[in-house]
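This report concerns only the one structure given below.
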Amino acid sequence: MKRTLILASVAVLGLALILPSPGSARQEKGKEVLKIELPKPMFIGTPRNIRTPNLEPITGRPRGPFLVPVGTVLLSRGKPVTASDMEPVIGDLSFVTDGQKSGEDGYYVELGPGLQWVQIDLGQPDTLYAIVVWHYHSQARVYRDVIVQVSDDKDFVQGVTTLFNNDSDNTSGLGVGRDKEYIETYEGKLIDARGVRARYVRLYSRGNTSNDMNHYVEVEVYGIPGK
Amino acid sequence: MTNKAFRALFWSAVVCALFFRIVRLDVRPMHHDEANQAVKFAALLERGEYRYDPKDHHGPTLYYLTLPVARLLGERSLAAVDETTLRLVPALFGTGTLILLLFFAGSLARETIVSAAFLAAVSPLLTYYSRFYIQETILAFFLVGFVAAGWRYLRTRSPAWAAAAGFAAGMMFATKETSVILFGALATAAVLDLVAGPRPTSPGARKGQAVLFDIALFLASAFVTSWLFFTSFLTNPGGLADSVRAFGGYLARVGAPGVHAEHWPYYLRMLAFSRFRHGPVWSEAFVLALAAAGSVFVFVPGPGHEGRSRLVRFIFFFTVLAAAAYSLIPYKTPWNAVPFYAGAVILAGHGAAGLLNAAKSSLAKAAVLTLFAAGLLGLTYQDVRANFIDFANPTNPYVYAQTSPDFMKLVRTVQGVAGVSPDRADTLIMVVAPPDETWPLPWSLREFTRVGFWTDMRRAPKLDVAPIVIVSGSFAEEAGRILGKGYEEAFYGLRPEVVLALFVRPDLWDAYVRSSRSSS
């Protein structure tokens, strides 16, 4: 019934009005103002109040296979993690590499607001092929300014390679990124490490669409050890 | 309590209530429902158009009561109106509810009125929804007004009070048709009150035909008030009949509450103790405890309470019945607690006054006052947090399907991009999202003249004719494919779990980023 009402309303509204913009659109020779039917918004009752976790992905199909050289293994499990905020609001930094990827409470670490990073020390320079990051996948949200860098320098001053950067307006000051933002899902975000050689992996973020905090459920770094 | 002390304390509570209700009214992003009502109000403001919708959005008083405020502030169009103007209406009625307590003077102890006024002033629930452009606070105002006028009539038998009670009842119905639940609770409470004790007497009691005249006056006043509002002041003759037809829809909601279904203890839990995940504890248990004490004093009057419990007994019956009725209806939203909670606050005031009177020694009185002050302080702390800090935080129990502050970043980005566009306010903006993922965009984009709303991708025209496109997160992938890699894409939270994607044509995006950098 509700759906029928919505469809009927859309049909009516579709015929509703054309909103011209007198005097505003610039006239050019041989061209005319593009007229588009602009439907009015539909009035509708109070939406659902969502407070419970949801493990369903919002968009897209399951991620396709990602090919890596034979012998590639998980390098990051149990490796030490440091961060810009060494006293997390919730959880422990060790959660980042503990292999637990559940979206429930008790599995993520929460860092303070603003630009924050976590860093994994692989123990030795390895050849990296993939990094998978789960920020917080029990809710549809997008993390801002996700930047993934690798280096052999633990301070990330020299020899820094940026593998992923979606800070399109450079608000985090690490350079303009051309990668897209994405909605968090249970699959995590897979970043192609393109065979770069490095010991340290650093991941930045600057809040998310639900709040200003930064979260990590898990980060996995795949590659060939020491090669 | 001396008259001077009463006046000083009572008006301090009113000033306190006004402060919490009108300060920074624009701090919380517009809720979906508020935006719906705001756009409906704009039609009334701009074109004098209002037609009662029996399917949703309740009665007309909210819109008509906003008119004088907007006109007084010199606002004549949707673009000119802002959040403060709209929310000022419930804020003033929320404060006015406290002032109505003065009509109970003589029937309630001064201590009861002052305590209830302070509790209402800093109640997080009552404050939160006094800053919310919906009907509940106005409904609570006329509910208290109705009880006050009705009580005054019983005391004086003056036809003027009968007419005033009728007006308040008419306004209740014209505010929310579902006020019939409250009328049912009021009527049942009156019957129980009669059963529980003798009929109230008044010095100038009218009899026979005079009482019938007063009843007729009450009914006529209620009918005319509702009739004028529902018929849009006689321009929509079918409006009043529609208000009755609306019950079909509301009854259906009772049977099928959909996404708003909650178990019966929902309101009790929300008020007594609420904690979500790692969030802080929220509790108005202090008010509930005092209300429980007040209920005890209704039936076991303490010293100094004799003869004054009659009105409180009625309020006790009403509060319990209304709370039970709302709790038994599966359809629940936190703001529905406002009217019956107003009754609980008066009971709590009675409880505080009763405890104070029961304290014999100065030391005991000081202990009660200290306890009361500490309770008020706790409520005030929560009030500040609920309304000025955690106003959109889902751990706040009064936050319900609230628009995320992140959404305002989307609005600011659109404004910034349009600011560098040659078309400025005439920049074409296309929004493709289901209706429940659309609001409050129509409100937030009200300054733009060319905004179109489509509910799904199949119905939308070619997206790339617009320099700014906003789509539901679930349409982002498809929209990205259509718009190609050139368009800049960014995501913003609308509500928890609901994400919107913004696409901006690259030339405008680059100009916007350049302009942002130069201005910073």
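So you know, we letter chains A, B, ... as the sequences are listed, proteins then strands, and number each from 1.
The nearest pair of heavy atoms linking A:Arg144 to B:Phe491 is NH2-O, 2.9 Å. Scanning all heavy atoms of the two residues, the minimum distance from A:Thr209 to B:Ser404 falls at O-OG, 3.5 Å. Taking every heavy atom of both residues into account, B:Glu489 and A:Glu181 meet most closely at O-OE1, 4.4 Å. Nearest heavy-atom pair across A:Arg141 and B:Val499 is CA-CG2, 4.2 Å.
Legend: residues meeting side-chain contact (heavy atoms from CB on, under 4.5 Å) with B:Ala246, ordered by chain and number and at least two apart, are B:Tyr52, B:Pro54, B:Glu177, B:Tyr250. Residues passing the ring-ring contact (aromatic ring centres under 6.0 Å, His included) test with B:Phe448, sequence neighbours excluded: none.
Neither the backbone nor the side chain of B:Trp443 comes within less than 4.5 Å of any heavy atom in chain A. For A:Asn208, the part lying under 4.5 angstrom from a heavy atom of chain B is the backbone only. Heavy atoms closer than 4.5 Å to chain B are found nowhere in A:Val89, neither backbone nor side chain.
Around the CZ atom of A:Phe156, the shell of radius 6.0 Å holds more than 12 heavy atoms that belong to other residues, nucleotides or ligands.
By the 4.0 Å N-to-carboxylate-O rule, A:Asp169 lies too far from B:Lys409 to be salt-bridged with it. Using a cutoff of 4.0 Å between basic side-chain nitrogens and carboxylate oxygens, A:Lys180 and B:Glu477 are not scored as salt-bridged.
Taking OG of B:Ser474 as the start and CD1 of A:Ile183 as the end, the distance is 8.0 Å to the nearest 0.5 Å.
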